[in-house]
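Below is one structure, written out as structure tokens, with a few remarks after it.
Letters A, B, ... mirror the listed sequences (proteins, then strands); counts begin at 1.
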There are 2 protein chains.
Amino acid sequence: MSNSADPSSAYSDTERAIFDAALQVFAREGRHGARMQSIADAADINKAMLHYYFRDKATLYEEVFGYTMRRFMASFGESLKEAPTFKETLRVFIDGYVEFVRSDEAAMRLMVQENLAGGHLLGDHLRRAKKRGGAPPKILVDTIEAASAADEIRPVDPHQTVLSVVSTCLFFFVARPTVEVMHPTAGDDWEGFVEDRKEHLFELIYCGLAPR
Amino acid sequence: MSNSADPSSAYSDTERAIFDAALQVFAREGRHGARMQSIADAADINKAMLHYYFRDKATLYEEVFGYTMRRFMASFGESLKEAPTFKETLRVFIDGYVEFVRSDEAAMRLMVQENLAGGHLLGDHLRRAKKRGGAPPKILVDTIEAASAADEIRPVDPHQTVLSVVSTCLFFFVARPTVEVMHPTAGDDWEGFVEDRKEHLFELIYCGLAPR
DNA sequence: ATTCCGTTCAACCAAATGGTTAAAAAGGTG
DNA sequence: CACCTTTTTAACCATTTGGTTGAACGGAAT
């Protein structure tokens, strides 16, 4: 677990407990649905402490969301290891990205919820990150563009392609309750299902991009 | 009033206005975040009317969610028109399903939110529908299985494949605010972007499934 | 006109919720 | 210890929110 611009590193134990509890509760109940009392209970502290460390509910949410967002952005870069061929790069990225989401489903829920709400908080962070140069999917787009130019894959719109990869890696976590009911094995063995899915996704997308 | 079949057909104007308003507000603010006053305002009626037609908030939500869920289930069948080849079937399904979601993003938001919350409401409906035989993706799974058996496509896990198709058709609506910032044209011309995406998705998935 | 009944409304109530406060512990420092 | 700062707590306050009530409105049947 790295810690660049990581709020959790310089915080006290209590602050950390609040932060983690808030992430879980906000992710489960939503920005508005989350109750300060629930967060306090989850952090096993008095409700007043929330206001002592974080001014109010809005501040706490923005802090938690901003931190989550930064990790989510960084995950693109971390999942995209250099590899000799595009084929290998794709495999490693799918594996890395799925693992990232699996390791912190609460963070994923926060991101998706903010998207659903269409709040300006998300837009602000995104535009700031984009202006700052390191737009998250930029590296992925470039990778696909390069592979396309080198005839490793057929000509495709790299932006659309990145979106497709991310969609397939992410959505089954979003719809996990539905998948667990619908899929024959996912309900009994989610971990195994995720492994199968990584393989399926790699094959589907790699074949879908291969030169004809 | 306890007409549990199709709320939209036998309801009065006021009831219908409440229903539509509730769908919009629940979709935007979430199950807990939605305020009865907001719904009343959106329906342009007095707050007391909500409790006159629907007992309380929970009842209203369940009614709205149940109706939305039924439409969502049905959309699979409606999008899956018979076509001579699997290639055509896939094209028509992608087009139909994307159009369905585009025509009612609020419904999609409701479904996704309930998935994120992991509530038992969703699970109950799903299991009931599955038991009742007509499990929604069943028809799609069968179609892919048949195409696979007829060597129209390479051998794949039909469940995984259906999930991939649905993911790619749905997720860009879920993450619409992010896409609008990240994609070069989606922000200025969403409609055009959706059209491009339908084409991209068809090609990606069809190539991904084609026999090798 | 009077009665009747479904509908609509303004005012109201009790509970939940976000947020405050003053004082008590806890912890370090001379 | 005495002094000061930081952390923690319980009780409290103001507002919001879900939900209720009783009266008024309006059309149709008597």
Side-chain angles (χ1 to χ4, degrees), chain A residues 7-67 110 113-114 117 119-121, chain B residues 1-4 7-67 110 113-114 117 119-121:
Chain A
S8 58
S9 61
Y11 282 34
S12 71
D13 284 353
T14 308
E15 230 159 353
R16 174 82 209 205
I18 294 174
F19 206 90
D20 291 346
L23 174 59
Q24 296 299 323
V25 175
F26 276 129
R28 184 155 25 86
E29 309 286 348
R31 179 182 194 163
H32 301 291
R35 304 283 105 133
M36 295 296 270
Q37 187 61 58
S38 301
I39 297 174
D41 291 348
D44 200 40
I45 53 155
N46 190 288
K47 188 163 66 84
M49 303 275 21
L50 299 181
H51 300 282
Y52 177 74
Y53 284 105
F54 304 87
R55 212 174 322 284
D56 52 24
K57 191 180 180 180
T59 304
L60 177 56
Y61 179 81
E62 277 162 36
E63 210 88 13
V64 169
F65 177 73
Y67 170 57
L110 253 200
Q113 277 181 7
E114 195 63 22
H120 49 92
L121 236 179
Chain B
M1 112 146 194
S2 20
N3 181 351
S4 58
S8 61
S9 60
Y11 280 16
S12 72
D13 284 353
T14 308
E15 229 160 353
R16 175 82 210 203
I18 294 175
F19 206 90
D20 291 345
L23 174 58
Q24 296 300 322
V25 175
F26 276 129
R28 186 154 25 86
E29 310 286 348
R31 180 183 194 163
H32 301 289
R35 305 281 100 128
M36 295 298 269
Q37 188 61 57
S38 302
I39 297 174
D41 291 347
D44 200 38
I45 53 156
N46 190 286
K47 188 164 66 84
M49 303 270 43
L50 299 181
H51 299 282
Y52 178 71
Y53 285 105
F54 304 86
R55 213 174 320 284
D56 52 25
K57 191 180 180 180
T59 304
L60 177 56
Y61 179 81
E62 278 163 35
E63 211 88 14
V64 169
F65 177 74
Y67 172 57
L110 252 202
Q113 278 182 7
E114 195 63 22
H120 48 92
L121 235 179

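Residue pairs that meet the ring pair (Phe, Tyr, Trp, His ring centres under 6.0 Å) test with at least one member in residues 23-53 of chain A, sequence neighbours left out, are A/Phe26-A/Tyr61.
A search for salt bridge (Lys or Arg N to Asp or Glu O under 4.0 Å) contacts involving B/Asp41 returns nothing, not counting sequence neighbours. Looking at residues two or more places apart in sequence or on another chain, you find a side chain to side chain contact (heavy atoms under 4.5 Å, CB included) between B/Ala48 and B/Asn46. Residues passing the side chain to side chain contact (heavy atoms under 4.5 Å, CB included) test with A/Ala117, sequence neighbours excluded: none.
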#### Entry: Worked verdict on A/Leu50 versus A/Ile45 for side chain to side chain contact (heavy atoms under 4.5 Å, CB included)
CA-CA 8 Å; A/Leu50 299 181; A/Ile45 53 155; 3.9 Å; yes

### Task
Check step by step if side chain to side chain contact (heavy atoms under 4.5 Å, CB included) holds for B/Glu29 and B/Arg35.
CA-CA 8 Å; B/Glu29 310 286 348; B/Arg35 305 281 100 128; over 6 Å; no

### Worked check of side chain to side chain contact (heavy atoms under 4.5 Å, CB included) between A/Asp20 and A/Gln24
CA-CA 6 Å; A/Asp20 291 346; A/Gln24 296 299 323; 5.7 Å; no

Pairwise N/O distances under 3.5 Å, protein to nucleotides 15-17 of chain C:
from: C/dT17; atom 1: OP1; to: A/Arg35; atom 2: NH1; distance (Å): 3.4

Is there any protein nitrogen or oxygen under 3.5 Å from a nitrogen or oxygen in nucleotides 4-7 of chain D, and what are the pairs?
from: D/dT7; atom 1: OP2; to: A/Tyr52; atom 2: OH; distance (Å): 2.9

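When rounded to the nearest whole Å, the span between CG of A/Asp13 and C1' of C/dA26 equals 15 Å. Remark: P of D/dC12 and NE2 of A/His51 are 18 Å apart, rounded to the nearest angstrom. As a whole-Å value, the separation of A/Tyr61 OH from C/dG18 P is 15 Å. As a whole-Å value, the separation of B/Leu60 CG from D/dT17 P is 17 Å. The distance from atom CG of B/Asp41 to atom P of C/dA10 is 12 Å, rounded to the nearest whole Å. Remark: C1' of D/dT16 and NE2 of A/His32 are 14 Å apart, rounded to the nearest angstrom. Rounded to an integer number of Å, the gap from A/Arg31 CZ to C/dG18 P is 14 Å. The separation between A/Leu50 atom CG and C/dT21 atom P is 17 Å, rounded to whole Å.
Under the 4.5 Å side-chain criterion, counting only non-hydrogen atoms from C-beta, A/Arg31 is not in contact with A/Lys57. Considering only heavy atoms from C-beta on, B/Phe54 comes within 4.5 Å of B/Glu15 through its side chain.
Nucleotides of DNA chain C nearest to B/Ala48 and A/Arg55 differ in position, and the one nearer the 5' end is that of B/Ala48. Comparing B/Asp56 and A/Lys47 along DNA chain D, the residue whose closest nucleotide (by nearest heavy atom) sits nearer the 5' end is A/Lys47.
Residue A/Asn46 is classed as a base contact, given a heavy-atom separation below 4.0 Å to a base.
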